[in-house]
Amino acid sequence: MKKVYVGMSGGVDSSLTAALLVEQGYDVTGVYMKNWAQDLPGWACPWREDLADAKRVAVQLGIPFKIYDFQKEYKQKVVDYMIEGYKTGITPNPDIMCNQEIKFKLFLDAALEDGADMIATGHYARRMPLDDSPASSAEPTAPRVSQRSASSAPPVLGHRADKHATLRASTHPRISSEPEAPVGQFGLFMAEDKNKDQTYFLYRVSSKALKQVLFPLGELTKPEVRAEAKKRGLATAEKKESMGICFVGKVDIKDFLQQYVDTKPGAIVNQKGEEIGEHDGAIFYTIGQRHGLDVGGGLPYYVVDKDIDKNIIYVSTDLDDERLWLKEIKLTQPHWINKAPKSDTKLQVRTRHRAPLVNSTVTDANTIKLDDPIRAVTPGQSAVLYDGDRVVGGGVVV
RNA sequence: UGGGGCGUGGCCAAGUGGUAAGGCACCGGGUUUUGGUCCCGGGAUCGUAGGUUCGAAUCCUGCCGCCCCAG
């Protein structure tokens with residue numbers, strides 16, 4: 001009987017995950033990962049309730065229950081990564097980091113060491129064995145060498161890319177790119193419920209880890225999960241969705257950062273070059289952002305760029321501002337789940353959770369040319385590439 | 001202190017006699033396992049003091065403030 005350790009957060013999804021595995025005959029152990037337990041000014045960390053809920057469900061299911069304390073590692077690998085990223089002017093994605101470093105590395109390793117054969121989580125994603133004929137190779141297009149599109153790249157983009165590349169290089173990037181895994185075994189696929197699919201956050205999971213991971217909810221829709229949980233009388237069946245940074249919760253990111261970073265007021269400059277207001281720290285703002293600028297009158301302003309060194313944020317009322325619509329994305333720290341795509345491979349990409357897929361061409365390991373421009377592609381966020389339902393991999397936007 | 005114009009919620013801005021549109025910002029809520037986007041909801045008696053009128057933000061007068069022309 002396979003021994004499976006299930007990450008139980010105290011929510012419906014992971015609760016039902018555990019229940020399903022028990023029913024499927026696995027030897028299930030529930031594990032609550034204690035990653036964050038600190039209150040913040042004006043915000044109480046719900047870890048006690050979450051732990052209690054997870055434990056309650058474990059008791060209902062009659063499975064062993066454990067607590068793994070990863071607070072130290074979570075702080076280092078996820079929170080510090082996030083804080084450092086913001087300091088350099090990018091907009092990091094802590095949840096992707098959390099999956100890479102904590103759930104599918106630390107937790108996996110700890111579980112295996114503890115005697116588990118596999119781990120499982122309540123993610124909406126699917127894992128399936130790949131055929132011998134690797135589905136990874138999409139038909140190669142015109143057999144030309146990857147051509148740089150220097151001409152088509154807007155000057156602004158080039159400038160910005162360089163700027164951020166420099167910034168990143170000066171820090172210690174915490175996202176480590178996995179060595180290319182051998183083709184084979186398992187691929188990561190979008191969930192059946194395209195509305196809840198969470199593969200965007202999982203593209204940095206290694207194929208090695210995928211061999212030992214189960215996603216029992218991959219074939220279910222959210223309403224079904226709710227119904228099934230209710231049918232089984234799980235204590236968390238009606239629990240409200242939790243949102244925000246995983247394990248930390250719905251904290252105001254600005255309030256959170258202010259606990260760790262000192263900032264100074266700076267200028268808000270519009271598309272005409274006029275200073276139209278003052279912000280309280282450029283690191284708090286991200287590309288495409290509209291609210292929080294406190295500048296009113298006429299049309300809404302959107303952040304189109306920022307200069308972290310000068311502490312200036314650039315805004316525009318022009319919805320078609322060229323700085324807001326990129327046709328090409330430059331990546332750093334690429335990570336491919338099974339195999340890197342060949343040059344000029346046609347794939348689909350998304351640059352944020354739940355965003356529609358956009359047809360694109362991977363011209364080389366770190367360049368994606370988009371068929372249609374994407375709004376507010378943001379440095380620090382990830383671009384994830386799909387081949388149909390299969391997650392090919394992706395990288396961090398530079 | 002010669003002439004002209006303006007002053008509506010934090011900002012922009014409709015409304016010129018019938019009892020305050022709309023947008024932005026902000027706040028609250030919703031969507032969302034990051035940030036962001038998006039969606040819904042919320043606020044003013046109209047610079048001020050009088051007058052005319054059944055009734056005024058809308059007409060008249062004084063005052064205050066601002067802008068332009070006045071070279």
Side-chain angles (χ1 to χ4, degrees), chain A residues 7-14 17 33 35-36 46 50 74 77-79 81-83 85-87 89-104 121-125 175 191 193-204 215 217 222 225 239-257 268 270 276-279 282-306 313 315-317 319 324-325 350-356 374-384 396-397:
Chain A
M8 297 180 73
S9 66
V12 227
D13 296 337
S14 56
T17 297
M33 285 175 248
N35 296 326
W36 187 263
D50 291 341
Y74 185 82
K77 305 276 190 182
V78 180
V79 177
Y81 154 79
M82 181 175 85
I83 294 169
Y86 271 108
K87 278 187 187 172
I90 65 167
T91 305
N93 191 321
D95 286 2
I96 287 176
M97 189 81 298
C98 176
N99 286 325
Q100 175 186 306
E101 295 295 330
I102 307 295
K103 290 176 187 165
F104 297 96
T121 67
H123 282 105
Y124 287 82
I175 290 184
D193 186 344
K194 296 294 181 286
N195 190 45
K196 283 297 292 185
D197 174 61
Q198 293 170 327
T199 49
Y200 177 76
F201 295 102
L202 297 172
Y203 84 98
R204 283 194 163 271
F215 298 126
L217 304 189
K222 184 71 190 192
V225 167
K239 191 170 173 181
K240 191 179 180 300
E241 296 291 291
S242 69
M243 289 174 287
I245 302 168
C246 73
F247 296 112
V248 175
K250 194 173 176 55
V251 215
D252 183 274
I253 191 68
K254 195 169 174 180
D255 293 341
F256 187 82
L257 287 173
I268 298 175
N270 71 8
I276 59 166
E278 190 179 78
H279 66 256
I283 68 164
F284 297 128
Y285 301 87
T286 191
I287 309 302
Q289 179 170 347
R290 165 177 178 173
H291 297 288
L293 298 165
D294 215 349
V295 282
L299 298 168
Y301 284 98
Y302 293 89
V303 176
V304 293
D305 197 7
K306 54 186 206 176
I313 68 178
V315 299
S316 175
T317 54
L319 296 177
L324 220 41
W325 295 93
R350 74 168 32 128
T351 58
R352 48 174 54 79
H353 179 47
R354 288 167 53 86
I374 296 180
R375 181 180 180 281
V377 173
T378 309
Q381 292 288 297
S382 285
V384 179
V396 176
V397 176

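Letters go in sequence order (proteins before strands), and every chain restarts at 1.
Rounded to a whole angstrom, the distance from the P atom of B:G47 to that of B:A25 is 25 Å. A distance of about 49 Å separates the C1' atoms of B:C68 and B:G30, rounded to the whole Å. For the C1' atoms, the distance linking B:G65 with B:U31 amounts to 47 Å, nearest Å. B:C46 and B:G9 have their P atoms separated by 10 Å, with the value rounded to a whole Å. Only the C1' atoms considered, B:A13 is 10 Å distant from B:C24, to the nearest whole Å. Rounded to a whole angstrom, the distance from the P atom of B:G50 to that of B:A57 is 15 Å. The same atom, P, is picked in B:C60 and in B:A21; the two are 24 Å apart, to the nearest Å. B:A44 and B:G23 are spaced 15 Å apart, taking the C1' atom of each and rounding to whole Å.
When rounded to the nearest whole Å, the span between NZ of A:K222 and P of B:U32 equals 9 Å. As rounded to whole Å, 13 Å separates atom C1' of B:U32 from atom CZ of A:R350. Atom P of nucleotide B:G36 and atom CG of A:D305 are separated by 18 Å, given to the nearest angstrom. Residue A:F284 contributes atom CZ, which lies 13 Å from atom C1' of B:G35 at whole-angstrom precision. Rounded to an integer number of Å, the gap from A:R290 CZ to B:C26 P is 9 Å. Computed from coordinates, the A:L319 CG to B:U37 P distance equals 13 Å when rounded to whole Å. In this structure, A:I253 atom CD1 and B:U37 atom P are separated by 13 Å, rounded to whole Å. Distance A:D13 CG to B:U32 P: 11 Å, rounded to the nearest Å.
A sub-4.0 Å separation between OP1 or OP2 of B:A25 and a side-chain N or O of A:Y302 is absent. Between A:H291 and the phosphate of B:C26, there is a side-chain N or O to OP1/OP2 separation shorter than 4.0 Å. Dashed line: the shortest gap from a side-chain N or O of A:R352 to OP1 or OP2 of B:G35 is not under 4.0 Å. For B:C38, the OP1/OP2 oxygens have no side-chain nitrogen or oxygen of A:R354 closer than 4.0 Å.
Here CZ of A:R354 is found 10.5 Å from CD of A:Q198. Values are rounded to the nearest 0.5 Å.
A heavy-atom distance below 4.5 Å is found between the side chains of A:V396 and A:R204. A:R375 has its side chain out of reach of A:L319: every pair of non-hydrogen atoms, C-beta onward, lies at least 4.5 Å apart. A:S316 is not listed as a side-chain neighbour of A:Y302, based on a closest heavy-atom distance of 4.5 Å or more.
Counting non-hydrogen atoms under 4.0 angstrom, A:G122 reaches nothing in the nucleic acid. A:G298 comes within contact range of at least one nucleobase, with a heavy-atom separation under 4.0 Å. Among the heavy atoms of the strands lying under 4.0 Å from A:Y200 is at least one base atom, whether or not backbone atoms are also near. Within 4.0 Å of A:K196, counting heavy atoms only, lie sugar-phosphate atoms of the nucleic acid but no base atom.
Place A:D197 and A:R375 on RNA chain B by their nearest nucleotides, and A:D197 ends up nearer the 5' end. Residue A:H353 is the one, among A:D252 and A:H353, whose nearest nucleotide of RNA chain B lies closer to the 5' end (criterion: closest heavy atom).
Pairing of B:A25, defined by two Watson-Crick or G-U wobble distances under 3.5 Å, is not identified with any nucleotide. Using Watson-Crick or G-U wobble geometry with both donor-acceptor distances under 3.5 Å, B:C66 finds its partner in B:G5. Applying the Watson-Crick and G-U wobble criteria (two distances, each under 3.5 Å), B:C59 pairs with B:G51.
Taking 4.0 Å as the cut-off between side-chain N and carboxylate O, A:R350 and A:D197 count as a salt-bridged pair.
Between the side chain of A:T378 and the base of B:G35, at least one donor-acceptor pair of N or O atoms lies under 3.5 Å. You won't find any donor-acceptor pair under 3.5 Å spanning the side chain of A:Q289 and the base of B:U37, going by distance alone.
Using bins of under 30°, 30° to 60° and over 60° for the plane-to-plane angle, the ring pair A:F256/A:W36 lands in the tilted bin.
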- Task: Evaluate the criterion ring pair (Phe, Tyr, Trp, His ring centres under 6.0 Å) for residue pair A:F284 and A:H279; output intermediate values, then yes/no.
- Result: CA-CA 9 Å; A:F284 297 128; A:H279 66 256; 8.7 Å; no
